[in-house]
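Input: a single structure, listed below in structure tokens.
Chain letters run A, B, ... following the sequence lines, proteins first and then strands; every chain starts at 1. Computed from a predicted structure; not experimentally measured.
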Amino acid sequence: MHLEKYLKKLPQFLSTPNPEIYLGDNYVVLDFETTNISKGTPANPDNSIVLAVWSLGREHNRYERGGDNCYVKWGGEYELSELVDAIEEADFIVAHNTKFELGWLKRCGLDIDNVLPFCTQIGEYCISGNRNWTLSLEACLQRRGLGGKETVVSKLIKAGVCPSIIPMGWLERYCVTDTMKTEKLFLSQRKLAKKNGLLPVMFTRNIFTPPLIGIERKGLHLDDERVVAVNKHYRSRQQELLVEFDQLTDGANVKSGPQMRKVLYEDFKFEPPQDYRGEVIRTPKGEYSTSSKTMAKLKATTKQQKDFVRIKGELTKLTDAITKTLEKALQCVTNRLDSLLFVQFNQTITDTHRLSSTGLEYKIQGQNIAREFKPLFSPRHEGWSIGEIDEGQLEYRIAVHLGRDDTGLHDILGGVDAHAFTASIIFQNEWKSVKDDPTSPKRKKIRTNSKEHTFKPLYGGQSGTPRERKYYKAFRIKHKGITATQERWKAEVLRGGYLKTITGLRFYWPDTRVTQSGYIVNSTSICNYPVQSFATADIVPIAVTYQYHLMKIAQMESFLVNTVHDSSIGEVHPEERELFEEIGVYCMVDKATEYCKQVYNVELYVPLEAEVEFKSHWSDSDEWREKYDC
DNA sequence: TTGTACGGCGCG
DNA sequence: AAAGCGCGCCGTACAA
């Protein structure tokens, strides 16, 4: 295959990935002090490096550790060629939150895509599994018995004092100390990681960092005209509805839970809806629920009640869309000539080690943009398209792999429609009459309604209507392998309080026990985490990492702009579609599979599958354009 | 005035 | 005593 010539140019840590590289001593530990606008982000040109300190792992055997074997350089990013040279000679760099240091090194002119990082924050996160530890340098040091007290300088910085005006002697002492502490932390982590088999997972998390920086810097591009048109549409509809809503409720606020509870269950005298067991649906704190799902169960009889349910439902959606997306997108296209929206990827937040994402200036984050608004995102260049590569049925396939589930494998290989099986049980009678007529709209509708239930039992879901429960049971019987594996996981956690997963990552549920009724506490999480984690925190990041590098090596003009759990999204040059697809699919399928073997010694029993789409926008359709008249 | 909890809703 | 999992962001309500 002709990707061979690009593969040959991958940096060595990617062409022959080997986590044991972290056991060597050819590393550079570094720490930067910078000016502090927006937490010192290197993305802001008004920020600059104040002080850089680094030390070399291979020099440390020569003499006793002391403050003097650090390199110290005052001044900006243009005076760090010595550091850049040292990094180019090293196997990897070490820092606490390497995304920060790498961002600055990029500004120093270093090609950070050739740098292998070891982030001590990620290191601690991998050790923590899902234990939600505080991951500041101080907290990590304390946890490993390495000191880690707050100092005067750290307090000053935390209080918002810019490092550029902190006395030089103080700042230098502080930065040198932090560098040495970071190295101690690294040495402690790698020792433990080797012992517990965590090096592979640390390696996988770390090679993702340079691609994430590259993706973050590009931003997501908004289509100005569409943003304006959709805003107008939503605003005017909101105005109409607000008038009606005010009349019906005497000016209640649709966003207020207490007010909605009063309106619904006191003023309109709705009977609080019940679940399948006949118990009133309540919030975790015991209040009557006013969610849209609960509202859907309300029995409206009078015209007033019917109007209210309809208007409240629509108004909630409108308000949500306007405040969370549309208003801010409008501000972005108004304020910024380039109409770019920036997000930040967080690598150490989630329990399952997925990425999370934070919206920066305009507070729109990249992972939960409503499907309805994906058509607002367009390529920044005329004639380009948005390309999206998706891992098809990823979590299902991974569950089938982990459970060596022959029935699942058979269905996947045979392209069996999983939702049809769901429909045949939940909508038994209705389904019978239409199941063999693929053009039937009724069939389509039943199938759509079945979708939400299909994979619920995969995550431990059992409750619902009698029909639904019948399906969940059928799923567990059908997928014997998955069910048995999940039972083993629960047993392992019951025994030891934690589960060692296929990648070596450990998840902890120390309070797990069997209740009097036989229910195992935490069982839904125990069923879910190993699947969600391996699928979307390992396989997809691996694929995106390689996709990013190969696109760059192939000198493509196209580039990635986002990744959302099971997919990557890029802006694609019209003449590069074929190559974009080839690289994308290769990475999501072949490369991810190969890496699993190389790094995790996991031979995937189920094939992966990638789906590719090119569109004028992130999503697009005639109906959508008609609806918003653009 | 500021910070936090809560309920709600969006995504995979 | 739990009833699919994982997140981030919103406005309200209310405490400090």
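Residue A/S289 places none of its side-chain N or O atoms closer than 4.0 Å to OP1 or OP2 of B/dG7. The phosphate of C/dC10 (OP1 or OP2) has no side-chain N or O of A/K317 nearer than 4.0 angstrom. Within the structure, every side-chain polar atom (N or O) of A/K456 is placed at least 4.0 Å from both OP1 and OP2 of C/dA3. Listed pair A/Y529 / C/dC5 fails the phosphate criterion, with no side-chain N or O lying under 4.0 Å from OP1 or OP2. For the pair A/S356 and C/dG8, the criterion of a side-chain N or O lying under 4.0 Å from OP1 or OP2 is met. Put simply, A/R371 has a side-chain N or O that comes within less than 4.0 Å of OP1 or OP2 on B/dC11. Contact check, A/T350 against C/dG6: no side-chain N or O comes under 4.0 Å of OP1 or OP2.
For A/Y519, whose side chain is taken as the heavy atoms from C-beta onward, the closest listed nucleotide among C/dA3, B/dG7, C/dG6 is C/dA3. Comparing C/dG8, B/dC9, B/dG12 by their nearest atom to the side chain of A/D320 picks out B/dC9. In the set C/dT12, C/dC5, B/dG7, the nucleotide with an atom closest to the side chain of A/P284 is B/dG7. Of all nucleotides listed (B/dC9, C/dG8, B/dG7), B/dG7 comes nearest to the side chain of A/K285. Among the nucleotides B/dG12, C/dG8, B/dG10, the one closest to the side chain of A/D566 is B/dG12. Which of C/dT12, C/dC5, B/dG10 sits closest to the side chain of A/N528 comes down to C/dC5. Comparing atom distances between the A/S292 side chain and each of C/dC9, B/dG8, B/dC9 picks out B/dC9 as nearest. In the set C/dA13, B/dC11, C/dG11, B/dC11 carries the atom at the smallest distance from any side-chain atom of A/A370. Closest approach to the A/Q365 side chain among C/dG8, B/dC11, C/dA2 is made by C/dG8 (side chain taken as heavy atoms from C-beta onward). With distances taken from any side-chain atom of A/T323 to the nucleotides C/dC10, C/dC5, B/dG10, the minimum falls on C/dC10.
Atom pair A/Q532:CD and C/dC5:P shows a separation of 11 Å (rounding to whole Å applied). Separating the NE2 atom of A/H353 from the C1' atom of C/dC5 is a distance of 15 Å, rounded to the nearest angstrom. One can place CD1 of A/I369 at 19 Å from P of C/dC7, the figure rounded to the nearest angstrom. In this structure, A/N522 atom CG and C/dA2 atom P are separated by 10 Å, rounded to whole Å. Taking atom CD1 of A/I520 as the reference point, atom C1' of C/dA3 lies 14 Å away to the nearest angstrom. Between the P atom of C/dA3 and the NZ atom of A/K490 lies a distance of 13 Å, rounded to the nearest Å. Rounded to an integer number of Å, the gap from CZ of A/F373 to P of C/dC9 is 17 Å. The CZ-P distance, from A/F345 to C/dG8, rounds to 13 Å in whole Å.
Residues A/K500 and A/E492 are not paired through a salt bridge, judged by the lack of any N-O separation under 4.0 Å between the basic side chain and the carboxylate.
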Exercise for the section: Test A/R354 against A/D538 for salt bridge (Lys or Arg N to Asp or Glu O under 4.0 Å), laying out the working first. Expected result: CA-CA 8 Å; A/R354 274 183 167 185; A/D538 290 285; over 6 Å; no
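Within the 4.0 angstrom heavy-atom criterion, only backbone atoms of the sugar-phosphate kind lie near A/N253; the bases stay farther away. Across all strands, A/Q462 comes closer than 4.0 Å only to sugar-phosphate atoms, never to a base (heavy-atom distances). Here A/R277 lies in heavy-atom contact (under 4.0 Å) with a base. Across all strands shown, A/T319 has no heavy atoms under 4.0 Å from either base or sugar-phosphate atoms. In this structure, A/S517 reaches the bases: a heavy-atom distance under 4.0 Å links it to at least one base atom across the strands shown. Within the nucleic acid shown, A/G464 has no heavy atom closer than 4.0 Å to any nucleic acid atom. Among the heavy atoms of the strands lying under 4.0 Å from A/K328 are primed sugar atoms or P, OP1, OP2 only; no base atom is included. Residue contacts shown for A/Q259 are limited to sugar-phosphate atoms, with no base heavy atom under 4.0 Å away. Backbone-only contact: A/T283 has heavy atoms under 4.0 Å from sugar-phosphate atoms and none from a base. No contact: A/S533 has no heavy atom under 4.0 Å from any strand. Among the atoms of the strands shown, only primed sugar atoms or phosphate atoms (P, OP1, OP2) are found under 4.0 Å from some heavy atom of A/K363. Among the heavy atoms of the strands lying under 4.0 Å from A/I349 are primed sugar atoms or P, OP1, OP2 only; no base atom is included.
Donor-acceptor pairing under 3.5 Å, judged by distance alone, is present between the side chain of A/R354 and the base of B/dG12. For A/Q367 and B/dC11, a side-chain-to-base donor-acceptor distance below 3.5 Å is absent, hydrogens and geometry of angles not being considered. Looking at A/K324, its side chain comes within 3.5 Å of the base of B/dC9 through a donor and an acceptor atom.
The 12-atom threshold is exceeded at NZ of A/K478, counting heavy atoms of other residues, nucleotides or ligands nearer than 6.0 Å.
Cation-pi geometry between A/R131 and A/Y508 is met: the NZ or CZ atom falls under 6.0 Å from the ring centre, inside 45° of the normal. Judged by the 6.0 Å distance and 45° axis criteria, A/K328 is not positioned over the aromatic ring of A/Y362.
No hydrogens or angles considered: a donor-acceptor pair under 3.5 Å links the side chains of A/S289 and A/T294.
A side-chain donor-acceptor contact under 3.5 Å links A/T323 to the backbone of A/T319.
The ring of A/Y529 has its center closer than 6.0 angstrom to the ring center of A/W509. Between A/Y628 and A/F373, the distance from one ring center to the other does not fall under 6.0 angstrom.
With the nearest nucleotide of DNA chain C identified for both A/Y362 and A/Y276, A/Y276 has the one nearer the 5' end.
One C1' atom belongs to C/dA1, the other to B/dC9, and the distance between them is 27 Å to the nearest Å.
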